[in-house]
Number of protein chains: 2
Amino acid sequence: MDNIEQIFGNFLREKGLRHTEQRDIILNAFLEAEGHLSAEDLYIIANGKSPGIGYATVYRTLKLLCKVGIAREVYFDNGKVRYEHKYKHRHHDHLVCIRCGKVIEIFDSKIEEAQDRLAKKNGFIPIKHQLNIFGVCKECRKKK
Amino acid sequence: MDNIEQIFGNFLREKGLRHTEQRDIILNAFLEAEGHLSAEDLYIIANGKSPGIGYATVYRTLKLLCKVGIAREVYFDNGKVRYEHKYKHRHHDHLVCIRCGKVIEIFDSKIEEAQDRLAKKNGFIPIKHQLNIFGVCKECRKKK
DNA sequence: TCCATTATTGAATATGATTATCAATATCAT
DNA sequence: ATGATATTGATAATCATATTCAATAATGGA
Ligand SMILES: [Mn+2]
Ligand SMILES: [Mn+2]
Ligand SMILES: [Zn+2]
Ligand SMILES: [Zn+2]
């Protein structure tokens with residue numbers, strides 16, 4: 001019914017954009033991969049499937065995926081932007097291990113509500129937020 | 001007694017680093033300025049006071065100020081890094097207006113506690129976190 | 001199916017933020 | 001004051017991402 005490929009196809013049609021093989025390949029690379037990928041990660045996968053696909057097309061397509069609501073940008077630090085699945089994925093925050101880079105997704109409705117309350121108390125209309133907690137994961141703690 | 005200049009001086013001595021005029025100028029520019037400054041902001045102020053001070057020295061000194069605990073890096077997005085006062089400033093999070101860029105500092109001990117709880121529940125030792133809530137501020141909302 | 005229009009692509013180049021290099025200079029313990 | 005060496009600033013290098021542009025491909029209509 002409303003699978004993601006179809007949503008992307010409709011979006012392209014409505015905007016007068018074109019449905020290209022590259023866009024499909026990049027979309028599928030993104031959908032098949034789990035986790036929090038950088039543009040470079042995606043480039044390596046997509047270019048592996050279809051040599052010739054360039055960085056520019058990957059960057060451009062990721063922008064589109066964000067616009068349709070299939071992907072979401074995540075900033076763990078000020079290095080590279082990462083992308084995660086957004087469609088039918090509830091908002092969540094992140095625990096990031098500073099040793100091994102592992103990322104755990106967390107959600108706490110109390111925190112979410114408190115954030116909205118704080119924003120409104122200060123006259124803000126909250127639109128989005130990102131909470132990243134950096135620490136040391138269980139495995140890395142064991143390794144001394 | 002333990003004013004910031006002194007803390008910085010001790011830090012330099014202990015580390016075998018040298019107390020230079022440039023470092024003093026940049027430290028004072030940082031201390032006099034309020035808010036969340038980028039390296040460029042600091043460069044403009046410091047270079048205004050003492051033409052000749054270069055970008056490299058500003059970047060290097062900001063790294064030192066972070067190491068001593070006088071400054072703290074803040075990432076509002078993946079553009080430029082910003083620096084805020086840390087010494088004797090309690091940890092806090094930020095409301096950021098996506099229209100005018102205004103930043104409001106917020107603190108809620110309930111949120112802080114809930115974060116620690118969540119981290120520990122997942123086996124993480126929390127070390128630091130950043131929460132940025134992006135939205136539209138009261139003034140920008142009025143301007144339609 | 002063929003065409004014309006025009007969006008898209010990939011290579012190359014540009015940009016913006018930050019870091020590294022290095023020769024000249026300044027700091028500091030002696 | 002002197003010598004050892006940390007620091008500086010100009011410049012070049014990096015890194016992630018954006019832009020340019022000529023060649024190509026997708027689309028809707030004849
Ligand atoms: Mn996630
Ligand atoms: Mn702040
Ligand atoms: Zn770990
Ligand atoms: Zn505003």
Side-chain angles (χ1 to χ4, degrees), chain A residues 5 8-27 29-30 36-68 71-83 101, chain B residues 5 8-27 29-30 36-68 71-83 101:
Chain A
E5 278 90 350
F8 190 48
N10 291 339
F11 168 81
L12 294 174
R13 208 168 308 113
E14 281 164 20
K15 298 280 182 185
L17 304 177
R18 288 171 187 180
H19 195 165
T20 69
E21 202 179 334
Q22 290 92 328
R23 284 176 175 162
D24 258 356
I25 290 169
I26 294 166
L27 170 59
F30 175 72
H36 305 83
L37 305 172
S38 65
E40 187 187 8
D41 295 335
L42 251 302
Y43 167 78
I44 290 170
I45 300 174
N47 185 274
K49 292 190 183 191
S50 173
I53 286 187
Y55 264 106
T57 304
V58 172
Y59 276 105
R60 289 186 282 230
T61 303
L62 281 169
K63 285 254 175 298
L64 292 177
L65 296 185
C66 288
K67 207 166 285 178
V68 222
R72 170 170 35 213
E73 294 187 335
V74 186
Y75 314 127
F76 287 145
D77 55 50
N78 272 34
K80 35 182 79 170
V81 177
R82 302 194 156 270
Y83 297 85
Chain B
E5 278 91 350
F8 190 48
N10 291 339
F11 168 81
L12 294 174
R13 208 168 308 113
E14 282 165 19
K15 299 279 182 186
L17 304 177
R18 290 172 184 177
H19 194 163
T20 68
E21 201 179 334
Q22 290 91 330
R23 285 176 174 162
D24 258 355
I25 290 169
I26 294 167
L27 169 60
F30 174 72
H36 306 82
L37 304 172
S38 64
E40 187 187 9
D41 295 336
L42 251 302
Y43 167 78
I44 290 169
I45 299 173
N47 185 273
K49 292 190 183 191
S50 172
I53 285 188
Y55 264 105
T57 303
V58 172
Y59 276 104
R60 290 187 281 231
T61 303
L62 282 169
K63 285 253 176 297
L64 291 178
L65 296 185
C66 288
K67 207 166 287 178
V68 221
R72 169 168 37 212
E73 295 189 332
V74 186
Y75 313 127
F76 288 145
D77 56 50
N78 273 33
K80 37 181 80 171
V81 177
R82 303 195 154 268
Y83 297 84

Legend entry - Spacing of B:L17 atom CG and B:R13 atom CZ [to the nearest 0.5 Å]: 11.5 Å

Inset, instruction - Could you check A:Y59, A:Y83, A:Y55 and say which one makes a ring-ring contact (aromatic ring centres under 6.0 Å, His included) with A:Y43? - result: A:Y55

Legend entry - Nearest-Å distance for atom pair CZ/C1', residues B:R60 and D:dA10: 10 Å

Legend entry - Short side-chain N/O contact to D:dT17 OP1/OP2 from A:Y59, under 4.0 Å: yes

Legend entry - 4.5 Å side-chain heavy-atom contact, A:K63 and A:E73: yes

Legend entry - Side chain proximity check, B:L64 to B:F8, heavy atoms < 4.5 angstrom: yes

Legend entry - Residue pairs involving residues 15-26 of chain A (criterion side-chain hydrogen bond (donor to acceptor under 3.5 Å, both in side chains); sequence neighbours excluded): A:H19-A:D24

Inset, instruction - Indicate yes or no: at least one non-hydrogen side-chain atom of B:D77 is less than 4.5 angstrom from one of B:Y75. - result: no

Legend entry - Test salt bridge (Lys or Arg N to Asp or Glu O under 4.0 Å) applied to B:K80 and B:E40, step by step: CA-CA 9 Å; B:K80 37 181 80 171; B:E40 187 187 9; 2.5 Å; yes

Inset, instruction - Could you check whether A:K63 gets within reach of a base, just the sugar-phosphate, or nothing at all, counting any heavy atom under 4.0 Å? - result: sugar-phosphate

Inset, instruction - Round to a whole Å and report the spacing from OH of A:Y43 to P of D:dC15. - result: 16 Å

Legend entry - Residue met sooner reading DNA chain C from 5', once B:E21 and A:T61 are mapped to nucleotides: A:T61

Legend entry - Nucleotide D:dA16, atom C1' - distance to OH of B:Y75 in whole Å: 16 Å

Are there any protein N/O atoms within less than 3.5 Å of an N/O atom in nucleotides 27-30 of chain D, and if so, which ones and at what distance?
from   : atom 1 : to    : atom 2 : distance (Å)
D:dT27 : OP1    : A:H19 : N      : 2.9

Legend entry - B:A56 vs B:N78, nearer the 5' end of DNA chain D by closest nucleotide: B:A56

Legend entry - Spacing between B:L12 atom CG and C:dA29 atom C1', to the nearest angstrom: 16 Å

Legend entry - Separation of atom OH in A:Y55 from atom C1' in D:dT14, rounded to whole Å: 14 Å

Legend entry - B:D41 CG - C:dA17 P separation (whole Å): 11 Å

Inset, instruction - By nearest nucleotide on DNA chain D, pick out whichever of B:T57 and B:G16 is the more 5' one. - result: B:G16

Inset, instruction - Can you tell me the distance, in whole Å, between the CD atom of B:Q22 and the C1' atom of D:dT8? - result: 6 Å

Inset, instruction - Pick base, sugar-phosphate or nothing for B:R23, based on heavy-atom distances below 4.0 Å to the nucleic acid. - result: sugar-phosphate

Inset, instruction - Round to a whole Å and report the spacing from CZ of B:F11 to P of D:dA6. - result: 14 Å

